[in-house]
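One structure below.
Here is how names work: the chains are called A, B, and so on, in the same order as the sequence lines, proteins then strands, and each is numbered from 1. Keep in mind that what you see is a predicted model, and the values were worked out from it rather than measured.
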Amino acid sequence: MIYEQDRTENLDACIKCSACTAMCPVAAVNPLFPGPKVLGPDAERFRLEGLQIGAALLNYCSKCRTCEITCPSGVKITEMITRAQENAKLSGSGKNLQSNIRDYLFGRAEYLGKLATILPGLTNTLLRTPLFRQVLEQALGISSEAPLPTYRKKFNPFGEGHKNRKQVVYFPGCFVTYNDPPTGHAITKVLEHNGYEVIVPPFHCCSTPLEGNGYVREAKETAKKNLALMNPYIRAGVPLITGCTSCGTALKEYAGLDVSASELQAYDLFEFLWALHEQSEFRTDFKEVQVSLGYHSSCHLKAQGIGTPSVRLLRLIPGVRVTDLDQGCCGLSGSYGFKKEKYDTAMQIGNPVFERVRHGVANDEFQSVITECGGCQVQIRHGSGTETFHPVWVLMQAYGLE
Amino acid sequence: MKDYQVVIVGGGATGVGILRDLSMRGISALLLEQGDLAHGTSSRFHGLLHSGGRYAVKDPQSAAECIDENLILKKIAPHCISDTGGWFVQTKDDSPGYVEEWIKSCAGAHIPIREVSISEACRKEPLMDKNVLRVFEVPDATVDGFRIVWANARSARHYNGEFRTYHQAERLVTDKGQVTGVAVRNLLNGHQFTVHCDIVVNAAGAWASQLAGSIGIPLDVICDKGTLLAFNQRLFHRVVNRLRPSGDGDIFVPHETITILGTTSQFVDSPEDNDPQQEEVRSLLEIGEQLLPGIMKNRIIRAFSGIRPLHREDHDVPGVKEEGRNVSRSFALIDHELQDGIKGLISIVGGKFTTYRLMAEKVSDRVAEKLGNTTPCHTAEEDLLPEIPEHVYKKAARLLPYAPVEKMLERLQEDAEDVLKEIEQTPHKGQMLCECEMVSMAEVEKAASDEDTHHLADIRRKTRLGMGTCQGAFCTYRALPLLWQKKEKYDSLDEELRNFLNQRWKGIRPVLWGQQLRETELTRAIYSGILQFTEN
Ligand SMILES: Cc1cc2nc3c(=O)[nH]c(=O)nc-3n(C[C@H](O)[C@H](O)[C@H](O)COP(=O)(O)OP(=O)(O)OC[C@H]3O[C@@H](n4cnc5c(N)ncnc54)[C@H](O)[C@@H]3O)c2cc1C
Ligand code: SF4
Ligand code: SF4
């Protein structure tokens with residue numbers, strides 16, 4: 001009832017201004033995609049009548065959430081689209097078997113990661129084999145051109161273990177766990193350097209990939225499992241930190257599931273560090289780091305509405321110059337750009353970012369790119385040929401922790 | 001010299017029903033309508049295809065008529081009807097004694113009912129009050145007034161029936177105690193002329209007494225105003241009625257993309273007296289709250305009022321309260337030859353939308369008898385509209401991948417293929433000109449160029465343009481260039497825009513709060529700010 005009433009009021013809030021569609025990165029490059037207003041609040045009124053509107057088009061939404069942060073009325077557009085996608089899936093319209101299997105797999109980044117990291121070397125060799133990629137494209141609709149990330153030996157959070165009065169819970173997320181454990185270690189070290197004990201319960205996937213691929217119910221289940229793991233820390237007032245912006249968006253939305261917004265203290269890593277800085281608790285014993293960087297802010301960071309704390313923080317380090325690229329979405333959006341029918345759209349969306357990066361590098365404005373999101377890193381590397389990494393690495397250098 | 005055997009005055013459901021019936025019997029007929037078809041009560045109503053449940057206790061004859069017609073219309077006009085089903089819901093304020101009486105009366109009128117468990121009810125209608133006591137399912141449905149009126153008109157035309165919109169019957173013409181024709185004015189160009197015929201059928205609804213009065217015949221029709229609220233979305237999946245003696249504000253009807261709550265009942269002096277008032281809105285919300293808790297939180301996009309034509313005769317019984325709902329809603333067929341000694345005039349007054357076909361049958365039987373025509377009525381058997389062919393559906397779905405194409409095809413009927421061809425040739429015309437109700441540019445263009453479209457409001461009735469959430473904020477200015485292409489037919493664009501926005505404003509004013517207020521401010525910014533369109 002509460003939920004139904006919220007849903008009803010949220011749909012009523014739309015005043016049809018079209019701001020959301022004007023800012024949607026997919027609508028900007030794909031003329032066949034009618035955009036968030038049509039597929040969200042417009043279609044919703046017909047869906048309530050039992051009509052499936054544009055079921056096949058729903059999957060073209062990349063779930064970047066640009067529409068939601070743009071909307072002046074707070075309409076949960078992406079949520080509407082995701083729910084419609086799930087209903088279309090349940091009623092069997094709008095998709096074929098191939099993309100169903102694929103989206104099933106992509107929705108389960110955690111299982112994919114677990115499988116792949118049993119023998120990461122083999123997985124990576126296979127993923128780099130053109131023939132295998134052809135097979136993936138034919139069989140599962142995964143683009144053979146897309147920059148599938150490499151798998152590494154699984155992130156092992158234990159072993160650092162400094163005991164301390166001050167604690168944080170760290171949520172590494174699937175990308176760090178299966179594809180980029182070193183970044184996980186770096187984040188742990190930076191937090192420890194600032195006097196925190198870092199606790200990493202055996203978390204599951206944050207649920208963003210499930211939602212992104214239209215599995216709303218399962219996403220909620222997974223979120224609840226994670227909440228159960230966090231519960232003792234939440235009760236003890238221990239903050240929850242993640243360095244992945246998609247996980248961050250998801251974690252912040254756990255509020256309302258089994259925990260209230262006031263209890264749940266979820267932070268993006270740099271949001272947390274900046275808050276420490278404001279309380280003069282952040283260590284600024286930096287070495288000079290002579291580096292020029294281009295900064296790309298991910299859509300899911302924007303969705304959190306916290307500005308760009310990493311840029312502010314890195315600019316405290318002597319010698320560091322950061323240019324905000326400000327070219328919108330990179331196009332990948334989780335697994336979106338890996339899908340063969342969306343690869344071109346994804347590359348087109350990302351094109352302004354890639355152009356800007358190439359231009360910046362050619363003119364010596366900066367040498368490499370930083371961005372918090374693992375997916376963006378992979379895509380920008382792929383699209384621009386420029387080295388791209390998580391901003392925590394700059395801190396590592398400045399602290400001399402590398 | 002006569003032009004037609006019969007002239008029908010009034011292009012509401014009743015009038016077009018008669019036109020179809022007579023035309024199918026091979027009787028030549030012309031229908032005159034002073035506005036657009038269905039611009040009277042037949043588009044200002046609740047949209048409920050009654051099962052009869054509402055009348056079962058008080059008026060068993062009406063109830064029996066309703067259930068019969070309900071089943072007939074579902075069969076012959078499925079494209080105009082949404083078979084939602086309906087519930088009668090007893091709240092703690094409703095008397096258990098009445099419930100028992102109602103159950104018996106439904107059996108008497110052969111209205112099938114099924115009791116629904118409270119848990120099933122709460123699951124199926126999550127917004128409904130959880131404290132209701134008993135719930136019964138009945139075969140209520142919803143009916144699209146515009147569509148069914150047009151379907152009748154089209155079907156009649158197929159049988160050589162004719163109709164003229166924006167033609168007002170100014171006066172009846174008589175010769176030696178017999179009505180021989182109608183003096184007509186074409187309201188678009190002011191031309192006046194007389195149409196001669198054997199019989200005039202007065203189906204002018206709430207205006208019926210004016211027409212009869214033009215030759216001094218007294219016909220007592222009470223104008224009973226009912227106000228309705230349109231919510232922004234479907235709040236219930238089915239019709240929800242209160243299980244109690246009929247009263248104000250106790251029916252929710254999910255209609256197309258919206259929900260309609262109503263209605264009030266108040267006698268007014270004239271059929272034009274249809275401005276919804278704030279007082280009525282408040283009383284509707286108070287009663288609606290009992291079935292839909294937190295009703296004030298739901299966005300209302302407009303209020304509107306219709307005028308029920310009630311026949312005074314039926315309630316000329318001493319002791320009946322001077323209140324609209326106690327006047328019979330069963331209809332009266334008045335043969336003025338028997339009543340007033342004037343030949344050639346038949347009036348049909350009262351009734352319900354649900355029973356329009358039956359009323360038309362009764363009138364047509366009488367007319368046919370007088371004309372010596374013995375062809376029986378076939379309107380209950382023959383489908384009102386042809387099936388939409390599968391290949392047209394497929395083509396529409398391909399060309400308009402994100403539109404509710406069934407609705408579009410049902411609206412367009414035989415014009416569908418033209419519109420689709422246009423979209424195929426000029427793909428940008430497949431864009432939605434009215435985004436809230438998802439009406440494509442090609443469809444609006446078609447409606448704008450129709451010979452019987454004369455104002456933007458006519459396009460609205462044909463397409464649903466401007467009837468959704470934004471209430472014309474965006475589609476009104478978008479439609480203007482399409483009117484311009486046929487500018488000889490329309491008033492100046494300035495005038496069209498002003499009239500259309502003012503009509504929308506009339507319905508918004510009494511519900512101006514919350515999100516609709518924000519919307520209205522946006523509309524004002526567009527028209528007064530950007531387009532510099534000044535007051536009045
Ligand atoms: C608020 C409300 C809710 C209702 N809800 C329901 C419901 O849910 N279900 C149901 O079954 N019924 C309902 N009704 C009743 C139903 O709407 C009416 O009974 C029905 O629409 C009447 O149709 P009609 O053709 O007789 O009249 P109208 O539709 O009013 O048609 C009469 C037409 O005659 C034209 N006319 C008048 N004078 C002239 C003239 N001199 N020359 C040319 N044309 C002329 C008018 O312009 C008008 O278009 C409701 C009524 C109201 C008021
Ligand atoms: S989530 Fe992103 S891609 Fe999807 S509709 Fe919104 S802005 Fe467009
Ligand atoms: S931005 Fe928000 S209010 Fe505007 S059209 Fe989109 S959903 Fe509606």
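Ranked by non-hydrogen atom pairs under 4.5 Å with chain A, the options B/M432, B/K407, B/Q431 are led by B/K407.
Rounding to the nearest 0.5 Å gives a distance of 5.5 Å between CD of A/E4 and CG of B/L127. Between the CZ atom in B/R299 and the SG atom in A/C14 there is a gap of 7.5 Å [rounded to 0.5 Å]. Here A/I15 contributes atom CD1 and B/E521 contributes atom CD; the two are 10.5 Å apart, rounded to the nearest 0.5 Å.
Heavy atoms of B/A403 lying under 4.5 Å from chain A belong exclusively to its backbone. For A/L51, the part lying near chain B is the side chain, with the backbone staying farther off; criterion is any non-hydrogen pair under 4.5 Å. With a threshold of 4.5 angstrom between heavy atoms, B/I526 does not approach chain A through any atom at all.
Between the B/Q233 side chain and the A/T8 main chain, a donor and an acceptor come within less than 3.5 Å of each other.
Residues B/P401 and A/L32 have side chains not in contact (no heavy-atom distance under 4.5 Å, counting atoms from C-beta outward). Between A/C17 and B/L522, the closest side-chain pair of non-hydrogen atoms falls below 4.5 Å. No side-chain heavy atom of B/P293 sits under 4.5 Å from any side-chain heavy atom of A/Q5. Within the 4.5 Å cutoff, side-chain heavy atoms of A/R45 are placed close to those of B/N232. Using a 4.5 Å heavy-atom threshold, the side chains of B/Q516 and A/D12 count as separate.
More than 12 non-hydrogen atoms from other residues, nucleotides or ligands lie less than 6.0 angstrom from CZ of B/R398.
Of the charged side-chain nitrogens involved, none lies within less than 4.0 Å of a carboxylate oxygen, so that B/R234 and A/E44 do not count as a salt-bridged pair. We find that B/E435 and A/K37 are joined by a salt bridge, their nearest charged nitrogen and carboxylate oxygen being less than 4.0 Å apart.
For the side-chain contact (heavy atoms from CB on, under 4.5 Å) criterion with B/Y402, the lone passing option out of A/L58, A/D42, A/L57 is A/L57.
For B/C436 against A/F46, the heavy-atom pair with the smallest separation is O-CE1, 3.4 Å. Taking every heavy atom of both residues into account, A/P72 and B/R518 meet most closely at O-NH2, 3.7 Å.
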Candidate pair B/T257 and A/L48, rule side chain to side chain contact (heavy atoms under 4.5 Å, CB included), full reasoning: CA-CA 8 Å; B/T257 49; A/L48 287 171; over 6 Å; no

